[in-house]
Each structure stands twice: as C-alpha cells, then as structure tokens.
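Whatever order the structure lists them in is the order used to number ligands and atoms, beginning at 1. Since this is a predicted model, take the numbers as computed values, not measurements. Starting from 1, each residue takes its place in the sequence as its number.
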Amino acid sequence: MIDFKALFKISYGLYIVSSGDKNHGNGFIANTVFQVTSKPPKFAVCCNKNNYTAEIIKNTRAFSVSILQQEATPEIYGTFGYKSGRDVNKMEGLNLKYGETGVPIVLNDTISYFECKVVETVDLGTHLMFIGELIQSEVIDDTKEPLTYDYFRKVKKGAAPKNAPTYIDKSNLEEQTESKNRYQHQCTICKYIYNDAVEPIPFSELPDNWVCPTCGAAKSEFIKI
Ligand SMILES: Cc1cc2nc3c(=O)[nH]c(=O)nc-3n(C[C@H](O)[C@H](O)[C@H](O)COP(=O)(O)O)c2cc1C
C-alpha cells in the first residue's frame, strides 16, 4: 500500500528558481532543488512543463536559485508559487540582481543564492529536470534560517499546488468528517483551508482586511466548503 502521508516526512527546502533576462524574467517556487554532484558542483531542479518558467529556462539555458528565509512573506511565495508569469509580472518592484548569464536573481527574503548554466535536461513526463552546473553563489544574510517545506506546511499552513511534484490529491489523504467540513473555508487561489474547528476565531469574524496566510489573497477569495 501507499501511504501518501509518509511522503510528508521527506525534508525539502523552498526556493525561487528564476530565469530569463533583464527585460523578461520570471521565476517559480520549487522544493525540488538539490545538489547532485560536487566535482563539479551540479544541481537539479524539477519544473512542471506547464510552468511558464520551464519555457524560459529551456531558452535561456541558465537559472538562479534564491534560498528563502524561514519568515518569507506570503506575498513572495503567493506570487511565485501560485501565480504564473503568463498572467503577472512577478519581478516587478522586487530587489533583483543579475547573474553572469544575465538571469535575474531575487534577493527579497533570500539568505543566499546560486546561479547555474543548464548542462542536461531530463524529461520526466509531467516535469523536466534541469541539471545545472554552478557558476557563482553568494551568502546574503547569515543571520536567518532557511525556509523548509515542513515549516511551510506546519507553521505557514501552506499547501502545494497542482504543478508541484509533491502535490497530493486530498482524496488520497484521510477523509475529514462532514461536521468539520461545515466550518471550513478554502482559498480559491492557493487552496489553503481555514478550519474554524481549530482556529481561535471563526472565519466569519475575521476582519475584512484579513488575507490568506499562504498566498496573500483577500478574504473575499475564500469559499465555504
Ligand atoms: C510549496 C511549493 C512547492 C512547489 N514546488 C514546485 C516544484 O518543485 N516544481 C514545480 O514545477 N512547481 C512547483 N511548485 C509550483 C509552482 O511554483 C507554480 O506552479 C508556479 O505558479 C509556476 O509559475 P510560472 O508559471 O510563472 O513558472 C511549487 C509551489 C509551492 C507553493
């Protein structure tokens, strides 16, 4: 049997993977960044074929990885993890620098970053795995902890959207009881669930300017489920 909850025990970090150039940059949140060799240092990242960034990395043949700090703002992972660069300019107004290959590097909520040129692309069906060789890297803020997927789930109450390799259909998890469902409201943008049964304040009593803790969407974007 497969117990999908067992997979939640895998440790990951959360990163912004960016590509493109000064005029046309984009990025997405990825948990699937990992070092695969040391001599030379190479890194893998799995990118859904539907992600706009996949097209950009294929053309640019390079990417940057910004390692997010633990208390990264919902605006950062809301924009990069739940919206597509096809619909919004994610880089607008951000603190950016540009790498040796010209790719943008997001510095907001970033504790360190690295830049890679793509040396291999592996087709995994739904995702492309880009293998990149390290070109440069830098520590930005040594005082903060990196954001882990576990912290994102447990403390930030974040969920993976469909394009993430770790997405799990809720029907595969233990069913929640009907009575609990009566008190739940779901964000239509990122699917975050506000559960009245476990929160100190019922959803209806939250102020109008309350925003989704995961993606920053307005209270009005929630529906009762
Ligand atoms: C916690 C989290 C982890 C994610 N991990 C990945 C990942 O490893 N690979 C991937 O392709 N998408 C991942 N996603 C989904 C993309 O970030 C998301 O689909 C994004 O909107 C794509 O943006 P783009 O179309 O501008 O490239 C993740 C999202 C979240 C919130």
Side-chain angles (χ1 to χ4, degrees), residues 4 7-21 24-36 43-60 62-92 94 96 103-104 106 108-110 116 118 121-132 146-170 186-193 212-217 221:
F4 284 93
L7 308 181
F8 285 157
K9 305 290 180 199
I10 302 172
S11 301
Y12 301 99
L14 287 185
Y15 314 92
I16 298 177
V17 177
S18 307
S19 191
D21 57 31
H24 200 76
N26 192 54
F28 71 105
I29 295 280
N31 62 287
T32 50
V33 172
F34 53 103
Q35 185 167 0
V36 288
F43 293 82
V45 55
C46 286
C47 184
N48 193 292
K49 289 178 181 174
N50 296 326
N51 286 3
Y52 184 44
T53 318
E55 283 175 33
I56 301 179
I57 298 177
K58 275 195 277 180
N59 292 331
T60 313
F63 59 86
S64 71
V65 176
S66 302
I67 301 175
L68 292 173
Q69 62 124 331
Q70 195 170 56
E71 297 306 331
T73 59
E75 287 73 28
I76 280 288
Y77 46 79
T79 303
F80 283 93
Y82 300 96
K83 293 180 184 162
S84 179
R86 287 190 187 89
D87 310 317
V88 289
N89 178 358
K90 299 187 188 180
M91 297 300 183
E92 201 176 306
L94 293 187
L96 303 174
V103 295
V106 177
N108 302 64
D109 285 331
T110 292
C116 292
V118 174
T121 303
V122 184
D123 191 331
L124 300 175
T126 54
H127 288 69
L128 294 172
M129 184 164 66
F130 295 110
I131 309 288
L147 175 61
T148 65
Y149 208 157
D150 193 50
Y151 189 86
F152 179 71
R153 275 200 194 101
K154 287 186 183 149
V155 182
K156 304 280 187 183
K157 305 275 191 282
K162 281 204 165 139
N163 280 5
T166 50
Y167 172 75
I168 292 176
D169 191 319
K170 274 214 348 236
Q186 187 169 41
C187 176
T188 52
I189 309 294
C190 72
K191 312 300 175 212
Y192 167 82
I193 292 174
C212 174
T214 297
C215 72
E221 302 280 5

Within the structure provided, determine whether K156 and E71 are in side-chain contact (heavy-atom separation under 4.5 Å).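 Yes, side chains in contact.
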
Beyond-backbone contact of I16 with D109, side-chain heavy atoms, under 4.5 angstrom: no

Any nitrogen or oxygen of F28, main chain or side chain, under 3.5 Å from a nitrogen or oxygen of ligand 1? no

Quick check: does A30 get an N/O under 3.5 Å from an N/O on ligand 1? no

Closest non-hydrogen atom pair between K90 and G85, with its separation: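 Scanning both residues completely, I find the closest heavy atoms to be CE-N, 3.4 Å.
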
Is the ring pair Y77/F152 parallel, tilted or perpendicular, if the boundaries are 30 and 60 degrees? perpendicular

Quick one: does ligand 1 sit under 4.0 Å from the side chain of N26, the backbone, both or neither, non-hydrogen atoms only?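 The side chain, only.
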
Where on Y149 is there a heavy atom closer than 4.0 Å to ligand 1, on the side chain, on the backbone, on both, or on neither?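 The part of Y149 near ligand 1 is the side chain, not the backbone.
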
Could you list the residues that satisfy ring pair (Phe, Tyr, Trp, His ring centres under 6.0 Å) with F80, not counting sequence neighbours?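 Ring pair (Phe, Tyr, Trp, His ring centres under 6.0 Å) check on F80 returns nothing, list empty.
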
Atom indices of ligand 1 within 4.0 angstrom of [X] heavy atoms, with elements:
X   : answer
T53 : 24 (P), 26 (O), 27 (O)
K83 : 20 (C), 21 (O), 23 (O), 26 (O)
F80 : 17 (O), 20 (C), 21 (O)

Shortest reach to atom 14 (N) of ligand 1 by a heavy atom, considering only T214, T79, I29: I29

